[in-house]
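The next block holds one structure in the form of structure tokens; read it before the comments.
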Amino acid sequence: MTNLSASPLLVAEGLSKFYGSRIGCRNVNFALQPGEVLAIVGESGSGKTTLLNLLSGQLAPNAGAVRYRMRDGETKNLLDLSEAERRFLARTDWGFVHQDARNGLRMGVSAGGNIGERLMGVGDRHYGRIRETARGWLDRVEIDTSRIDDKPTQFSGGMRQRLQIARNLVTHPRLVFMDEPTGGLDVSVQARLLDLIRGLVADLGLAVVLVTHDLAVARLLSHRILVMKDGHVIEAGLTDRVLDDPQEAYTQLLVSSVLAA
Amino acid sequence: MSRTAENYRGYNFAYLDEQTKRMIRRAILKAIAIPGYQVPFASREMPMPYGWGTGGVQVTAAILGPSDVLKVIDQGADDTTNAVSIRQFFEKTAGVETTTETEKATVIQTRHRIPEAKLQGHQVLVYQVPIPEPLRFLEPRETETRTLHALAEYGLMHVRLYEDIAQHGHIAKTYAYPVLVADRYVMDPSPIPKFDNPKMDDCAALQLFGAGREKRIYAIPPYTKVVSLDFEDHPFEATKFEQPCALCGATDSYLDEVITDDQGGRMFVCSDTHHCETRRCEGHVGHLGMPVTEAAE
């Protein structure tokens, strides 16, 4: 699935962010291939979310660069893009799945409207077509299509999360950022959601940057893994290798502290 | 050109001092230069409450000259409280001639209507605007709505229309219907009925919008393209009425529903009082009206 022959989709080069004298993250380097799922794991406060925000252009780094290969094949530094270009990129070629669906959805707008927003944002002006697409996506994320006119406030946590994913994928992005997509959901709902995400990622050939503190989620979804501690990447490699044969003391601690069910 | 109105000593011509007028005129010029863009201005306290047209009054005061003829309408009528008090305000503070005839006026201040008579190139229409931001109820943050305007990201506006169709089967918004001005800015035309939206397009008169509480001025220059937002399969449609005006029989004007008794009796009459009177003087009679000459007797 991982296409190693293609040039990378997203490259982080010496990415650093400081909050005054504190380190957000420091000198992070990696390359993400199209269709590859990269998990960033680490304890709370280790800089995972800072890194995600840097990668998605929501935060400006103090040093380093993020290079992204646009749909036309040209690789550009995100910092060189105008705000208009960056926002256009974010709502067409990218997706962002928040931990709390409230941050990623318009809670006062129906499910259909939520899914259709991106389409209307890129100029679709045909109600019937937008609605058909919304129905298709609801079906794909296993939400009953008869709920198309219900608001997310009437949805359960798992449904909201699935709706958020549909809303992001409707423009066929190539890269999706996920911040703890299964956080706060009960175990059976988590399992279903993970199954869904895994299916969609494989079907659509999505590249994903996944932030999680849950190693089980990382093992299920990701191909490669970055382990962060105190703002540094302390270990990186193939997911199975890192989780089965951790080299760093901290990674060993992290892996051994997972409760076996 | 400071001039005190002869019949209201102590006040500058048209109430506002000249420096304030200068500031407002600058905002108006900028608004005309960028059609549909909301220009912030230092709105003043006026001797009337917010919501009574403080924005419109300031714009009118800034553009009014001694030779202007002023008409003020409220929901199309010249004789309702808001219209009467603003007309008297300028009679007192500016001493300008006022009229109820649309054709005679050079400046028309309006609340919630555009006159039925076609506006001419020498006329200026001043709207009173309560909420200038069309995206406000979709996006509460001012910083964000400004960015959306700057980048022309108007998908959100269509989400609102989408929700209407999903809920009601058609676009249910009948007033303050959003428009795209000169292919660039989405604008709230103030709470005029959508019936009036087509009149804004390619209009010969200059249209100015003043929001006093929100401190914004915007404009549509003469002969500017103004398009009501819609979907390809749910096109914009102006309100149509099933019956003619009960007094003058007009079929092409916007009608108000008037309750006539407590038995459910009602009649539909032109909201533009001048339009209705003119037609009745010309001899048109609706099914509940009587000829003007008889009524006078």
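Here the structure is a predicted model, which is why all the values come from computation and not from measurement. Chain A is the first sequence line, chain B the second, and so forth, proteins listed ahead of strands; every chain is numbered from 1.
Heavy atoms from other residues, nucleotides or ligands lying under 6.0 Å from NZ of B:K225 number 12 at most. The local environment of CZ in A:R135 is crowded, with over 12 non-hydrogen atoms from other residues, nucleotides or ligands closer than 6.0 Å. Surrounding CZ of B:R22 are at most 12 heavy atoms belonging to other residues, nucleotides or ligands under 6.0 Å away. Environment of CZ in B:F236: crowded, with over 12 heavy atoms of neighbouring residues, nucleotides or ligands closer than 6.0 Å. More than 12 heavy atoms of other shown residues, nucleotides or ligands fall within 6.0 angstrom of atom CD in A:Q154. Heavy-atom contacts from other residues, nucleotides or ligands closer than 6.0 Å to CZ of A:F18 number more than 12. Remark: A:R71 CZ is packed, more than 12 non-hydrogen atoms of other residues, nucleotides or ligands lying under 6.0 Å away. Heavy atoms from other residues, nucleotides or ligands lying under 6.0 Å from OH of A:Y19 number more than 12.
Taking CG of B:L156 as the reference point, atom CZ of A:R106 lies at 4.5 Å (rounded to 0.5 Å). Atoms CD1 and NE2, from A:I130 and B:H158 in turn, are 8.0 Å apart once rounded to the nearest 0.5 Å. The line from CE of A:M120 to CZ of B:R160 is 13.5 Å long, rounded to the nearest 0.5 Å.
Residue contact with chain B, scored on non-hydrogen atoms closer than 4.5 Å, involves the side chain of A:R91 exclusively. Only the side chain of B:L151 comes within contact range of chain A, with at least one heavy atom under 4.5 Å from a heavy atom of that chain. There is no contact between A:L119 and chain B, counting heavy-atom distances below 4.5 Å.
Classification of the B:Y162-A:Y127 ring pair by plane angle, with boundaries at 30° and 60°, yields tilted.
No other option in A:G108, A:G123, A:A84 has as many heavy-atom pairs under 4.5 Å with chain B as A:A84. Considering only heavy-atom pairs separated by less than 4.5 Å from chain A, the leading option among B:M157, B:H234, B:Q167 is B:H234.
Ion pair A:R87/B:E144 flagged as a salt bridge, since at least one NZ, NE, NH1 or NH2 atom sits closer than 4.0 Å to an Asp/Glu carboxylate oxygen.
Nearest heavy-atom pair across B:A166 and A:D149 is CB-OD1, 3.5 Å. The two residues A:R125 and B:D233 have their closest heavy-atom pair at O-OD1, 4.3 Å.
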